[in-house]
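The structure appears right after this line, and notes come after that.
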Protein chains: 2
Amino acid sequence: MEGSCVVSDGGHPYIPKELHLPGYVHGSISMPYVVSVFSFFTLLIVSLTWIFSGRPPKNKKVDRLLMCWWVFTGLTHLIVEGYFVVTPEFYKDNTGFYLADLWKEYSKGDSRYVGRDAGVLSVEALTSVFAGPASLLAVYAIAAGKSYSHILQFGISVGQLYGVGIYYMTALLEGDNFSTSRLYYYAYYIRANVSWIVVPLIIVIRSWKYTCVAFQGRVDKRD
Amino acid sequence: MEGSCVVSDGGHPYIPKELHLPGYVHGSISMPYVVSVFSFFTLLIVSLTWIFSGRPPKNKKVDRLLMCWWVFTGLTHLIVEGYFVVTPEFYKDNTGFYLADLWKEYSKGDSRYVGRDAGVLSVEALTSVFAGPASLLAVYAIAAGKSYSHILQFGISVGQLYGVGIYYMTALLEGDNFSTSRLYYYAYYIRANVSWIVVPLIIVIRSWKYTCVAFQGRVDKRD
């Protein structure tokens with residue numbers, strides 16, 4: 001917390017400074033650039049999903065919004081988090097590859113990423129392997145009006161909330177001192193994860209309600 | 001890591017031997033005793049649930065079996081795992097309290113319990129706080145034929161599977177060397193957790209199917 005830059009192995013900027021990262025190569029991009037590129041692709045993907053989902057006139061706005069969310073979260077899980085899971089030594093990358101730089105940058109908010117913490121890696125592995133493909137399936141399920149649409153969305157959202165729960169609890173229990181500065185703590189560690197609390201919570205409540213109604217309809221029908 | 005037998009504080013039996021447990025008091029009970037008491041109470045609770053759930057003639061056998069499972073897993077989450085969560089220093093217990101002895105014994109299969117590993121503690125905290133009460137609610141939901149019965153059971157089961165996933169993955173990533181011997185590894189670390197893979201998996205599939213049927217019924221009705 002002294003704010004001075006101790007040159008450890010590779011001279012990395014992360015906290016704790018004792019983190020051993022031999023062969024560390026500084027990221028070649030700045031925070032505004034990382035955020036801009038991520039925002040640009042998010043906007044592009046969400047816009048495309050919004051436009052294409054509007055073609056069939058039967059699609060309601062709320063369903064189109066949900067499809068946008070599932071495309072966005074699915075691709076984030078698969079590509080961004082998937083890259084992290086399969087690339088233990090992204091911090092050595094010297095090619096300026098965007099995803100390596102993104103994780104070098106995010107690790108300033110939570111060094112457990114660059115430090116390959118077992119808890120963080122486990123959550124990310126489960127998320128990219130299960131929630132990633134399942135989220136894209138949810139897009140199809142909503143578009144095609146599948147009968148498993150709500151329970152699928154509910155299941156992924158419960159998993160996302162569980163993942164975020166583990167993510168923050170393990171950090172707190174281990175001292176909550178993995179951030180290079182207050183700025184990175186709030187901008188990355190807190191801010192970047194808020195969506196995966198708020199949206200899953202809304203979907204859990206929504207799909208729960210719809211499922212109850214479906215079962216009530218079924219009971220009514222039988223009586 | 002030299003493999004020599006270092007007598008650490010309290011002379012505990014756990015692996016890694018370097019685990020620092022000042023004030024450790026040996027458990028006063030043996031493996032057969034721990035397992036017998038746990039089995040006895042499980043059998044008692046399951047039998048009582050089976051008997052009482054058989055009173056209303058409308059209750060189907062499969063629903064009664066599910067109620068037995070939810071009572072068992074709910075009380076295990078609340079009492080056994082809840083005790084672990086709120087008792088960081090159970091290894092110092094010298095009163096012969098059963099739950100302290102149970103966790104001293106289980107830690108021979110996975111010393112991350114006695115060592116208060118952040119990942120294990122996070123999973124256990126989420127499990128005892130959320131899955132515990134929710135499991136008992138599931139008993140009521142099944143008994144009362146509530147419309148949220150399936151989505152509730154599905155949600156808890158997804159959480160249980162996620163928890164087991166994190167539990168094993170973090171252990172593997174951290175070297176999978178937390179067991180005093182092969183016996184404890186298989187008897188506690190593997191065997192004791194198998195139920196929380198098999199049963200939740202069955203319930204996830206079952207409730208998914210029922211929910212699909214409920215939504216299909218709803219769609220049919222609307223057409």
Side-chain angles (χ1 to χ4, degrees), chain A residues 85 88 112 116-127 129-131 134 141 145-176 204-205 207-222, chain B residues 85 88 112 116-127 129-131 134 141 145-176 204-205 207-222:
Chain A
V85 172
R112 297 179 299 167
R116 210 100 188 131
D117 173 83
V120 162
L121 181 55
S122 299
V123 168
E124 289 295 358
L126 288 176
T127 302
V129 171
F130 291 104
K146 288 288 173 188
S147 58
Y148 60 80
S149 172
H150 280 293
I151 196 150
L152 175 64
Q153 294 181 68
F154 178 83
I156 309 167
S157 301
V158 166
Q160 288 173 326
L161 289 172
Y162 199 116
V164 172
I166 295 286
Y167 179 67
Y168 284 124
M169 279 190 69
T170 46
L172 281 171
L173 290 168
E174 285 167 351
D176 198 21
V204 158
I205 295 167
S207 289
W208 174 287
K209 282 184 182 168
Y210 272 91
T211 306
C212 287
V213 171
F215 274 100
Q216 281 159 5
R218 191 169 160 71
V219 171
D220 295 346
K221 210 178 159 191
R222 275 180 171 175
Chain B
V85 173
R112 298 179 300 166
R116 210 98 188 133
D117 172 85
V120 162
L121 182 55
S122 300
V123 168
E124 290 295 358
L126 288 177
T127 304
V129 170
F130 291 104
K146 289 289 175 189
S147 57
Y148 60 80
S149 173
H150 279 293
I151 196 149
L152 175 64
Q153 293 181 69
F154 178 83
I156 308 167
S157 300
V158 166
Q160 288 173 326
L161 290 171
Y162 199 116
V164 172
I166 295 285
Y167 180 68
Y168 283 124
M169 278 189 71
T170 46
L172 281 171
L173 289 169
E174 285 167 350
D176 199 21
V204 158
I205 295 167
S207 288
W208 175 287
K209 282 184 183 169
Y210 272 90
T211 304
C212 287
V213 171
F215 273 101
Q216 281 158 5
R218 192 168 159 71
V219 171
D220 295 347
K221 210 179 157 190
R222 274 181 170 174

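Here is how names work: the chains are called A, B, and so on, in the same order as the sequence lines, proteins then strands, and each is numbered from 1.
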Checklist entry - How are the rings of B:Y148 and A:W208 set to each other: parallel, tilted or perpendicular (split at 30° and 60°)? => result parallel
Next on the checklist: What I'd like to find out is whether the side chain of B:H150 reaches to under 4.5 Å of the side chain of A:T211, using heavy atoms alone.
Outcome noted: no
Checklist entry - What part of B:V204 gets closer than 4.5 Å to chain A, counting heavy atoms only: side chain, backbone, both or neither? => result neither
Item to check | Interface moiety of B:L152 toward chain A, non-hydrogen atoms closer than 4.5 Å | outcome: both
Item to check | Winner by heavy-atom pair count (cut-off under 4.5 Å) against chain B, out of A:A171, A:G159, A:S157 | outcome: A:G159
Item to check | When A:S147, A:A118, A:S207, A:A125 are compared by non-hydrogen pairs under 4.5 Å with chain B, the top option | outcome: A:S147
Checklist entry - Is atom CZ of A:F130 surrounded by more than 12 heavy atoms (other residues, nucleotides or ligands) closer than 6.0 Å? => result no
Checklist entry - Do you know the tightest heavy-atom contact between B:Y162 and A:G163? => result OH-CA, 3.3 Å
Checklist outcome for this item: Note: A:F154 and B:F154 closest approach over all heavy atoms is CD2-CD2, 3.7 Å
Within this structure, what is the [atom1]-[atom2] distance for the pair [X] and [Y], rounded to the nearest 0.5 Å?
| X | Y | atom1 | atom2 | result |
| --- | --- | --- | --- | --- |
| B:S122 | A:Y167 | OG | OH | 13.0 Å |
| B:I166 | A:L126 | CD1 | CG | 5.0 Å |
| B:L172 | A:L121 | CG | CG | 11.0 Å |

